[in-house]
Amino acid sequence: MCDQPYPQAVIFDLDGVITDTAEFHFQAWQQLAQKLGIEIDRAFNEQLKGVNRADSLACILRHGGQEQVWPPEARQQFMTEKNDLYRQLLANLTPADILPGILPLLAAVRAAGCRIGLASVSENAPQVLASLGLSDRFDFCADARALSHSKPHPEIFLTACQGLGVDPRQSIGIEDAQAGITAINANGMYSVGIGATLTEADYRLNHTGELAWPDLLAHWQAAQVCPDTLITRS
Ligand code: B16
Ligand code: MG
């Protein structure tokens, strides 16, 4: 029997995991879409979670049959309008908006000696973390502006692992978006999904209030292969 290992890092998504800004993104996109005569609802919005601004707009225009209608300058203007609406909604964000279970989890991960990272494709992530009073709780935050690909591409979680100096196969990623689960799994990380409809997460919970470090650690450890015996823990 080998010693129970610990993960090297836990890497968090932001929107929908640390705080419910996913709802603000939806409201801002819905307002813009309405202006263009396109109806979107919360079910449609699931596709936009974890998807960057330009790809989200493309998805909405495709949904409304307007994919070929707007030139790049108009698209840029739409993205600016959406971001202005989103930032207005962000103005009232405070530490009270941190989702249940997140502060105790951050404290427990830190106490366990694991590194803490952020993998958000939002260019507003630094402002959101500052408004929540969490900027100094992360050892490394991937820079959304420096990415070539949005989730479900693995790039952002790999970038976070590299920035933290950890092995993805020894790290946990926590996500509320199906695209994010795909990105985590593609790196060989252990995926934790927050949400009833997510598939293919190694460990899935309905909401962040169910996140508890002892449970998470036990599930992660159970999924590890003991190197000296090559027996999967149960
Ligand atoms: P911004 P995450 C993502 O953040 C959101 O889920 C997605 O809905 C949004 O379009 C994207 O950030 C870009 O955000 O417009 O602020 O740059 O879930 O990766 O934390
Ligand atoms: Mg998210």
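Since the structure is predicted, the reported quantities are computational estimates derived from the model, not experimental observations. Order of listing sets the numbers, starting from 1, for every ligand and every atom in it.
Side-chain contact, D97 with T19: no donor N or O sits under 3.5 Å from an acceptor N or O.
The distance criterion of under 3.5 Å between nitrogen or oxygen atoms is not met by N52 with respect to ligand 1.
Residue contacts with ligand 1 include G50, since one or more of its heavy atoms lies under 4.0 Å from the ligand. Within the structure, ligand 1 has S56 among the residues with a heavy atom less than 4.0 angstrom away. For K82, the closest heavy-atom approach to ligand 1 falls below 4.0 Å.
Of the protein's non-hydrogen atoms, the one nearest atom 5 (C) of ligand 1 is D15 OD2, 3.3 Å. With hydrogens left out, the protein atom closest to atom 17 (O) of ligand 1 is E123 N, 2.7 Å, a heavy atom. Ranking the protein heavy atoms by distance from atom 15 (O) of ligand 1 puts R53 NE, 2.7 Å first. In terms of protein heavy-atom proximity, atom 19 (O) of ligand 1 is nearest to K151 NZ, 2.7 Å.
Within 6.0 Å of the CZ atom in R169, the count of heavy atoms belonging to other residues, nucleotides or ligands does not exceed 12.
The distance from ligand 1 to the heavy atoms of K49 drops below 4.0 Å at these ligand atoms: 6 (O). Ligand-side atoms of ligand 1 in range of L14: 20 (O), range being under 4.0 angstrom from any heavy atom. The ligand atoms of ligand 1 that sit less than 4.0 angstrom from a heavy atom of S120 are 2 (P), 4 (O), 19 (O), 20 (O).
Electrostatic pairing of E123 and R145 does not count as a salt bridge here, judged by no charged N lying under 4.0 Å from a carboxylate O. Taking a cutoff of 4.0 Å between a charged side-chain nitrogen and a carboxylate oxygen, D13 and K151 qualify as a salt bridge. Ionic pairing of R62 and D55 is not present here: no N-O contact between side-chain nitrogen and carboxylate oxygen is shorter than 4.0 angstrom.
When all heavy atoms of G193 and A201 are compared, the pair lying nearest together is N-CB, 3.7 Å. The shortest non-hydrogen separation linking L118 to A125 is CD2-CB, 4.2 Å.
Within the structure, ring-ring contact (aromatic ring centres under 6.0 Å, His included) pairs that include any residue of residues 99-150 comprise H149-H153 (at least two apart or interchain).
Under the ring pair (Phe, Tyr, Trp, His ring centres under 6.0 Å) criterion, F44 pairs with H63, not counting sequence neighbours. Here F26 pairs with nothing under the ring pair (Phe, Tyr, Trp, His ring centres under 6.0 Å) rule; sequence neighbours left out.
Ring geometry, Y203 versus Y190: the interplanar angle falls from 30° to 60°, so the pair is classed tilted.
Between the side chain of Q178 and the backbone N or O of T199, at least one donor-acceptor pair lies under 3.5 Å.
Comparing V51, N124, D55 against atom 9 (C) of ligand 1, the shortest heavy-atom distance belongs to V51. Proximity annotation for atom 8 (O) of ligand 1: of D176, L48, D13, L57, L48 comes nearest, heavy atoms only.
For a distance threshold of 2.8 Å, the protein N, O or S atoms nearer than that to the Mg ion (ligand 2), listed by chain and number, are D13 OD2, D15 O, D176 OD1.
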